[in-house]
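In this text, all values refer to a predicted model and were calculated from it rather than measured experimentally. Note on naming: letters A, B, ... go to the chains in the order of the sequence lines (proteins, then strands), and numbering restarts at 1 for each one. For the numbers below, each heavy atom of this structure counts, side chains included, while hydrogens, waters and symmetry mates do not.
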There are 2 protein chains.
Amino acid sequence: MRLLASIEEPCDLRRLPKDELATVAVELRHELIDAAAEVGGHFAGSLGTVELTIALHYTFDTPQDRLIWDVGHQAYGHKALTGRREGLRQIKRSNGPSGFLRRCESPYDVFGAGHAGTSVSAALGVAEALRRQGRDGRVVAVIGDGAATAGMSFEAFNHAGFLGSDLKVVFNDNGMSIAPNVGALARAGNPRPYFETLGFRVIGPVDGHDLGELLPALEALRNAKGPVLVHVRTRKGKGFAPAEADPFGWHATVPFCVETGQRRGHGAPAPASWTTCFAEALIRVADRDPRVVALTAAMPDGTGLDRFARRHPDRWYDVGIAEQHAVTFAAGLAAEGMRPVCAIYSSFLQRGFDQVVHDVALQGLPVVFVLDRAGLVGADGPTHHGVFDIGYLRPIPNLILAAPRDENELQHLLATAVDSGRPFALRFPRGPALGVALDPDPKPLAIGRASVLRRGDDLALVGLGKTVATVLDAAERLAEIGVSATVIDARFVKPLDGHVLAAAARRCGRVVTVEDHAAIGGLGSAVLECLAVAAPGTLIRTLGIADAFVEHGDVAEQWSNAEIDAPSVVQAARELLGGMA
Amino acid sequence: MRLLASIEEPCDLRRLPKDELATVAVELRHELIDAAAEVGGHFAGSLGTVELTIALHYTFDTPQDRLIWDVGHQAYGHKALTGRREGLRQIKRSNGPSGFLRRCESPYDVFGAGHAGTSVSAALGVAEALRRQGRDGRVVAVIGDGAATAGMSFEAFNHAGFLGSDLKVVFNDNGMSIAPNVGALARAGNPRPYFETLGFRVIGPVDGHDLGELLPALEALRNAKGPVLVHVRTRKGKGFAPAEADPFGWHATVPFCVETGQRRGHGAPAPASWTTCFAEALIRVADRDPRVVALTAAMPDGTGLDRFARRHPDRWYDVGIAEQHAVTFAAGLAAEGMRPVCAIYSSFLQRGFDQVVHDVALQGLPVVFVLDRAGLVGADGPTHHGVFDIGYLRPIPNLILAAPRDENELQHLLATAVDSGRPFALRFPRGPALGVALDPDPKPLAIGRASVLRRGDDLALVGLGKTVATVLDAAERLAEIGVSATVIDARFVKPLDGHVLAAAARRCGRVVTVEDHAAIGGLGSAVLECLAVAAPGTLIRTLGIADAFVEHGDVAEQWSNAEIDAPSVVQAARELLGGMA
């Protein structure tokens, strides 16, 4: 690590003679492998961009020249070269750097990243701002072929080529999204006609692991005017044999043994994950209903659809990072009699919001949205928390919105959703489910019916999904201090069970709601709206995530900080009860 | 109208010999011109697709073959040939057909339209559904070159080309969006390499007004397998000289004189529109702040930016129908010191929702979103109502959300927004503003400060934007029956003025909120959340649009039906007051 240790910032790198850069690459790759072996994290993407990252910081005068990454999975090398090498050993932990790019983390992180396809839009804005103000600095966006399947990247290329701005793009073509990339553009192999039609001059393709090809190409990029793109071919996982052999499996990793590639630690969590439980439930539902087809937007593993695909290889689609299309494509399927199940992370469905309103709900089409990663997600941080979905979905007419408290309720709610013949969204969190036993068959539940899990007279605690366990726990704790609580699993945020809620409110006079979602516009608001009419005068406290973005870190810590854990519920209940407890 | 009168459905058209179709085109064009002259509506687009529409219904066995239009501005001819010719004289009125496509309106409207770029996604879904079920029917999407600037259309082409489905696309290339089309693809003139790279076989270009070219091209399209696209060149406004000369100005029209092209009736509404007032305010704000640049997504006239552009021709961008890019491009501009003002209709910003969260708010960048057409929009109907924006924006941290009650407050709030240095959204409705006098200069207001417009003790009425006039009116009416109402202009939905609201709630004990927005998740919810903590026990009634999509029609009627007009406020107040009034 002789050379790497001497690089505190890219200017140190730029002082090296060119012929030492290959050694830097060897050292940086070792460093990335060592750090990932120790703490895990996103992995194969950054291995594939080692030479590219070095060549970019060597060729461009960063941070005066603005380097804008897309997504951020591939930017660990960038972090290492920009003063955050030590940080890689703490990455994604609450005391370490983010797994993505963040403006507040480094002046070298010119624009934040996390969701795919944003870099060209952002870089074009930066380039235009510099031009307007007569300020110096070249602007370079690095976008992968996976991110380029996102419609917003097309919008950005189309606009940039039209404007003719001095915008430099590195097209990092590794044939992969997280999974193997899809789409006609990817399959065409040669994206040159696409980019040229969109007004870009195209350099390359060049071998992204050969500095002898890469450096001259980037020099040409640096010196070019107008919209220019260099097509760089890289290999995801490059330099670590297991990851080269299975770049999909090594996209992200837990700690592992460098010599053998053997993963350390727990493997699968003891209770199966919500994702796995969903996939198994979907298999069961699809087994008996031939109308069911499944859709993912480039997340076959993250959504569990890889598992579904093994059972029903011809009944699923990976549409690429294309949530807008996914939603309207599903609407088209539904319009002609299918029952599509669209599995999209909560924070990614934000991309398809208009399509949910305009193409699905307005037409009342039976599309099921399965929102994995709803609520606080832990290590991935604020770009990936799914804490706005109730807020953006609940106002939409015709849409049903529910959340299961355990994996058994999940399978029943999924059956409910498919059977309902209506637009239906189902949210559940990241991580292990509860490990409860499953009924033999998924059976439709009554839509809009809450479940009363415990009866008490002092106050009512209302949970949804994961917070049902929280309120049950809180009720136990309250019982210990002599407070008797009704516990309600709302189950449906929409339609809300006004009957059960009003009855409990009238009996107890006090209600506490708890949710793994923004306090603004969530379950709590729904309960407030309902009880304002149905039980006016009820004292209500709504616990949810405060009005701020939640940093990356440990989920349990995030829950505690957000005051949506059982002790916080107890505290809120005591405050509401005043002298009574 | 000999032939046209005989065509009740496309099967009647298909019984005609080919050489009569040119006559049908003449008659249909006359019919469209006559109807528009009588009642107005979208116009130039449909004139440009007269021959195409006839040729499509002649060549394809509709509705067995599925014809899916994009947007719908160009589909009046389609309506005329599918049993709705008389309806064109009532179009967009509450007793007439929608201005767009609607599944519930006709079996020939295979998939609804309104927002741009959805047709290829929907058609691909339909095609896959038919294939999976072994059902008959060809599937044809008709997409304009304007709609093709929307990223979701790229996503759909990329996926369709990859799947290799039997999908037929008509690319209606008239060089126009509503305004002249922008983007490198449009400027390239020849989109063939773009579509070929995306896996489509390309037929054409053909002259879309020459049935001799068009019919064989569509026959080839009909008989082709796999993803095929025919490139059709048309002229927006074709056959009506004033519209051919100014297709932008004649995109939509009020009634006019066929002989002279002279528009009838009111011209501009007596008080200037909110749009115009915004444009004038933006000019004043930009005059004194060189950081301000303006952005529109293909709506320079609809947003008033054409007016701004005349004053500051080099300080605005039309990015095309590309709201996702618009938002992140603005974020890039803001990251380097500019103060972008993104003028996007409320319902269209739904397309950029994720980017508002991820690229603007998370990074705290000073982008101003100006949401024109917020609230109920009248004739354009449910695809265009802006009734979800508070719902989807209010949960987003770091974002300020406000609405002016008149055009003077609008200019001050715009200055506030630009000066704030924070993400800021401003909503106002379609139609005429109030006609109040303007202060000489736009001046920043205190963020989060409501305005008490009237003091009373029996109850508090809270309005926002356009409903401030409603609650003032209601307060007058209540005064006549001896009820004294406090009237509050909330002005900011976020941050909400908890101090003023709580003081009023504590004094009056009763609060009625009224908003031109969904009752779920809007101002009312914000007030409920606030008062649950700040004035528990307050009796609150929240008036907003009920949980259903509102049909097209007259705005005043829509307000009355939605029970957000003054009589409804009075009624709600009386109910809340019980025996007191």
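- With a 4.5 angstrom heavy-atom cutoff, B:Arg315 touches chain A via backbone and side-chain atoms both.
- Across all non-hydrogen atoms, the minimal contact from B:Asp359 to A:Thr118 is OD2-CG2, 3.6 Å.
- Here the CG atom belonging to A:Leu124 is positioned 7.5 Å from the CG atom belonging to B:Leu333, to the nearest 0.5 angstrom.
- In this structure, chain B has a heavy atom under 4.5 Å from the side chain of A:Arg187, while its backbone stays farther away.
- Of the residues considered (B:Ile390, B:Val110, B:Val357), B:Val357 shows the highest number of contacts with chain A, using heavy-atom pairs under 4.5 Å.
- Contact tally against chain A (heavy-atom pairs below 4.5 Å) for B:Phe549, B:Phe195, B:Phe353: the top residue is B:Phe549.
- Taken from CG in A:Leu393 to CD1 in B:Ile520, the straight-line distance is 11.5 Å, to the nearest 0.5 Å.
- Between B:Ile540 atom CD1 and A:Glu529 atom CD the span is 11.0 Å, to the nearest 0.5 Å.
- Comparing A:Leu130, A:Leu362, A:Thr383 by how many heavy-atom pairs each has under 4.5 Å with chain B, the most go to A:Leu362.
- If you measure heavy-atom distances from A:Leu539 to chain B, the contacts under 4.5 Å come from the side chain alone.
- With a threshold of 4.5 angstrom between heavy atoms, A:Ala127 does not approach chain B through any atom at all.
- Contact count against chain B (heavy-atom pairs under 4.5 Å) is highest for A:Val319 among A:Val319, A:Asp314, A:Ile545.
- With a threshold of 4.5 angstrom between heavy atoms, B:Val387 does not approach chain A through any atom at all.
- Interface check for chain B: of the options A:Gly137, A:Pro227, A:Ala361, A:Gly164, the most heavy-atom pairs under 4.5 Å are formed by A:Ala361.
- Contacts between residues 151-158 of chain B and chain A, defined by a heavy-atom separation under 4.5 Å, are made by B:Gly151, B:Met152, B:Phe154, B:Glu155, B:Ala156, B:Asn158.
- The existence of a salt bridge linking A:Glu336 and B:Arg66 is confirmed by a sub-4.0 Å separation between a basic side-chain nitrogen and an acidic carboxylate oxygen.
- Each of A:Gly199, A:Ala188, A:Ala322 has some count of heavy-atom pairs under 4.5 Å with chain B, and the biggest count is that of A:Ala322.
- The OG1 atom of B:Thr149 lies 10.5 Å from the NE2 atom of A:His159; values are rounded to the nearest 0.5 Å.
- Per-residue heavy-atom pair counts under 4.5 Å with chain A were compared for B:Thr197, B:Val327, B:Ile68, B:Asp318, and the maximum is reached by B:Thr197.
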Audit row: A:Phe162, B:Asn181, side chain to side chain contact (heavy atoms under 4.5 Å, CB included) steps and yes/no: CA-CA 11 Å; A:Phe162 180 70; B:Asn181 197 12; over 6 Å; no
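- In terms of heavy-atom pairs under 4.5 angstrom with chain A, the leader among B:Pro193, B:Pro395, B:Gly521, B:Gly391 is B:Pro395.
- Residues B:Ser121 and A:His325 bring a donor and an acceptor atom of their side chains to less than 3.5 Å of each other.
- Heavy-atom distances place the backbone of A:Glu323, and not its side chain, under 4.5 Å from chain B.
- Residue with the most contacts toward chain B among A:Val356, A:Thr542, A:Leu163, A:Val182: A:Val182 (heavy-atom pairs, distance under 4.5 Å).
- When heavy atoms are compared at a cutoff of 4.5 Å, A:Ala526 does not approach chain B at all.
- With a 4.5 angstrom heavy-atom cutoff, A:Tyr194 touches chain B via backbone and side-chain atoms both.
- For A:Ala535, no part lies under 4.5 angstrom from a heavy atom of chain B.
- In this structure, B:Asp547 pairs ionically with A:Lys494, as a charged nitrogen and a carboxylate oxygen lie closer than 4.0 Å.
- Neither the backbone nor the side chain of B:Ala334 comes within less than 4.5 Å of any heavy atom of chain A.
- With chain A as the partner, the residue from B:Leu365, B:Asn190, B:Val126 showing the most heavy-atom pairs under 4.5 Å is B:Val126.
- B:Ala330 pairs by the side-chain contact (heavy atoms from CB on, under 4.5 Å) definition with B:Leu295, B:Pro340, B:Cys342, B:Val367, not counting sequence neighbours.
- Annotation for B:Ser525 and A:Ser525: closest pair CB-CB, 4.4 Å, computed over non-hydrogen atoms.
- A:Tyr317 and B:Glu128 share a donor-acceptor pair across their side chains, judged by distance under 3.5 Å alone.
- In terms of heavy-atom pairs under 4.5 Å with chain A, the best-connected choice from B:Ala532, B:Gly364, B:Gly189, B:Ala122 is B:Ala122.
- Between A:Gln355 and B:His115 the shortest side-chain heavy-atom distance does not fall below 4.5 Å.
- Scanning all heavy atoms of the two residues, the minimum distance from A:Ala184 to B:Gly161 falls at CB-C, 3.8 Å.
- Using a 4.5 Å cut-off between heavy atoms, A:Arg339 does not touch chain B at all.
- We find the CZ-CD1 distance between B:Phe388 and A:Ile396 to be 6.5 Å, quoted to the nearest 0.5 Å.
- Using a distance-only test at 3.5 Å, with no hydrogens or angles considered, no donor-acceptor pair links the side chain of B:Arg132 to the main chain of A:Arg291.
- Using a 4.5 Å cut-off between heavy atoms, B:Leu528 contacts chain A through both its backbone and its side chain.
- Note that OH of A:Tyr392 is 13.5 Å distant from OH of B:Tyr392, once rounded to the nearest 0.5 Å.
- The closest donor-acceptor contact from the side chain of A:Gln363 to the backbone of B:Arg103 lies at 3.5 Å or more, if one exists at all.
- A:Phe111 and B:Ala331 make their closest contact through CZ-CB, 3.6 Å (heavy atoms, listed as atom of the first residue, atom of the second, distance).
- There is no contact between A:Val139 and chain B, counting heavy-atom distances below 4.5 Å.
- For B:Ala297, no part lies near chain A; criterion is any non-hydrogen pair under 4.5 Å.
- For the residue pair B:Met338 and A:Ala129, the shortest heavy atom distance occurs at CG-CB, 3.7 Å.
- Looking at A:His358, only its side chain comes within 4.5 Å of chain B, counting heavy atoms on both sides.
- When A:Gln133, A:His517, A:Arg192, A:Arg351 are compared by the number of non-hydrogen pairs under 4.5 Å with chain B, A:Arg351 comes out ahead.
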